[in-house]
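Here's the structure we're looking at; comments come further down.
Residue numbers start at 1 and run along the sequence shown. A quick note: this is a predicted structure, and the numbers were derived from the prediction, not measured.
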Amino acid sequence: MLGTVWGLVRRHRRKLAVTGVLLGGVYLLGKYAQRKLRELQEHEAAEYISQARRQFHFESNQRTCNMTVLSMLPTLREAIMQQLNSESLTALLKNRPANKLEIWEDLKIISFSRGLVAVYSTCMLVVLLRVQLNIIGGYIYLDNAAMGKNVATQAPPEVQQQYLSSIQHLLGDGLSELVTVVKQAVREVIGGISLKQSLTLVDLEHHIRTIREQIERRHSRNMERPSTRSPLCRYLIPDEDDTLASQACGLTDKDKTTIKLLNETRDMLESCDFSTVLSSCLTRGFSRLLDNIAEFFRPTEHELTPNGKITSLSSVSLPLAKIIPIINGQMHATCSETPSHFVQDLLMMDQVKDFAANVYEAFSTSEQLEK
């Protein structure tokens, strides 16, 4: 029996050898495929977990953005009220002064400027914080992902605080410059209109659009800036020359990191995407402003049809003297920290959300570390 088997093996040893090699190769190939499949599954699982972790961090960061905007609105409102103090003029009018008409003219300019500055500054605050907090958020994500590795921290807490404090420019010098520009445009467009002249909503919308054109058409002081740069950027963040001027005093590593973040912020603010998003916010903001004002344009009896309906929205008008307190009070609705339609509209805009996601994506990838 054994001889027969051995003879069979000797006669077919080549075939058996080839078969053994093939079987061994298939076995090894199977093991290799299993290992690669396992590695691929582990990689996909790690990638999925990483993406889920980043998505969770991004969504948490957006909630922080919203809360930060709401928490800063009272400060913004107070700053506007200090620079455009209509309350003092209103108090003077209650005492029936001899220069009553002159005070009314000042109140007209202050009130319109106040309503427009509130819209501009709130929109700018929303978009600027979206940029800053998503840049910082991206770096914080990278720092957390690199924890335990021999990688330098991208945004230590001291740098975060120093960087985010640059928002004070919008609430201080930037706001002062914006107020000056808006008052000048308001004076040129509204200044010559009599307090007794009646205006419809269409008239009011036309005047506001004309004022906006004058404000937003103004060129940046630095003509070498890219053409995509919005002329409103100068109110948002200090000029690069102003920041670099402090280098004469010597800079620490944290100062240099902060300047790097500010320069990256300027790049974002000078992008076409930022200009588009800010423009969309302003369009939505001024539309909401006019909607709020429209609630005060109630028709008189002769402006109604027999059925009690308005013949035309353009037929309802109010004297400018009555419109002044209406637009003056809009600042409190615009810069309200309690959830208002105005701020909610801005925070929930798809353009704002998409822009925030793009900024976060740009600063939360591993390529950012290599830079």
Side-chain angles (χ1 to χ4, degrees), residues 80-123 175-218 231-232 235 282-303 310-335 342:
I80 296 173
M81 291 177 66
Q82 286 182 5
Q83 300 204 36
L84 295 167
N85 189 351
S86 62
E87 285 75 16
S88 60
L89 296 177
T90 304
L92 288 175
L93 288 174
K94 291 180 179 179
N95 297 326
R96 301 180 180 276
N99 59 339
K100 179 179 178 180
L101 182 58
E102 181 181 345
I103 295 175
W104 263 105
E105 289 294 331
D106 289 341
L107 183 61
K108 175 176 68 175
I109 303 301
I110 293 293
S111 297
F112 270 85
S113 299
R114 188 154 133 166
L116 270 63
V117 167
V119 175
Y120 272 113
S121 56
T122 302
C123 291
L175 183 64
S176 298
E177 189 175 357
L178 175 64
V179 166
T180 300
V181 172
V182 172
K183 283 179 67 176
Q184 179 180 345
V186 168
R187 187 171 286 108
E188 292 175 2
V189 177
I190 304 293
I193 301 178
S194 169
L195 294 170
K196 297 180 180 180
Q197 182 174 336
S198 292
L199 300 176
T200 65
L201 274 174
V202 176
D203 296 329
L204 194 58
E205 182 180 9
H206 170 73
H207 292 314
I208 290 177
R209 183 168 59 248
T210 303
I211 294 170
R212 284 191 61 189
E213 289 173 355
Q214 293 201 21
I215 295 168
E216 297 169 34
R217 192 173 56 226
R218 295 173 64 89
L232 301 175
Y235 311 121
L282 291 173
T283 299
R284 180 71 63 86
F286 280 106
S287 176
R288 172 60 67 177
L289 175 70
L290 287 168
D291 287 344
N292 292 345
I293 294 174
E295 297 179 4
F296 295 88
F297 278 69
R298 303 188 182 280
T300 58
E301 292 184 2
H302 71 274
E303 292 168 331
I310 303 174
T311 56
S312 172
L313 186 63
S314 60
S315 66
V316 183
S317 62
L318 287 176
L320 181 56
K322 289 189 176 182
I323 296 176
I324 289 174
I326 295 173
I327 196 168
N328 182 60
Q330 290 304 307
M331 183 199 64
H332 297 284
T334 302
C335 303
F342 187 94

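Atom CD1 of Ile293 is separated from atom CG of Leu318 by 10.5 Å, given to the nearest 0.5 angstrom. In this structure, CG on Leu289 lies 7.0 Å from CZ on Phe342, to the nearest 0.5 angstrom. Interatomic distance, Gln330 CD to Ile327 CD1, rounded to the nearest 0.5 Å: 7.5 Å. Arg209 CZ to Glu216 CD: the interatomic distance, rounded to the nearest 0.5 Å, is 12.0 Å. Atom CD1 of Ile215 is separated from atom CD1 of Ile211 by 6.5 Å, given to the nearest 0.5 angstrom.
Judged by distance alone, with hydrogens and angles left aside, the side-chain atoms of Ser287 form no donor-acceptor pair with the main-chain N or O of Thr283 at under 3.5 Å. Within the 3.5 Å criterion, the main-chain N or O of Glu102 finds no donor-acceptor partner in the side chain of Asn99. In terms of modelled atom types and a separation under 3.5 Å, the side chain of Asp106 and the main chain of Ile103 share no donor-acceptor contact. With hydrogens and angles disregarded, no donor-acceptor distance shorter than 3.5 Å links the side chain of Lys183 to the backbone of Leu84.
Among Val182, Leu204, Val117, Val189, the single residue meeting the side chain to side chain contact (heavy atoms under 4.5 Å, CB included) criterion with Phe112 is Leu204.
Every residue two or more places apart in sequence or in another chain that forms a side chain to side chain contact (heavy atoms under 4.5 Å, CB included) with Ser198 is listed here: Ser317, Pro319.
Under the 4.5 Å side-chain criterion, counting only non-hydrogen atoms from C-beta, Glu105 is in contact with Leu195.
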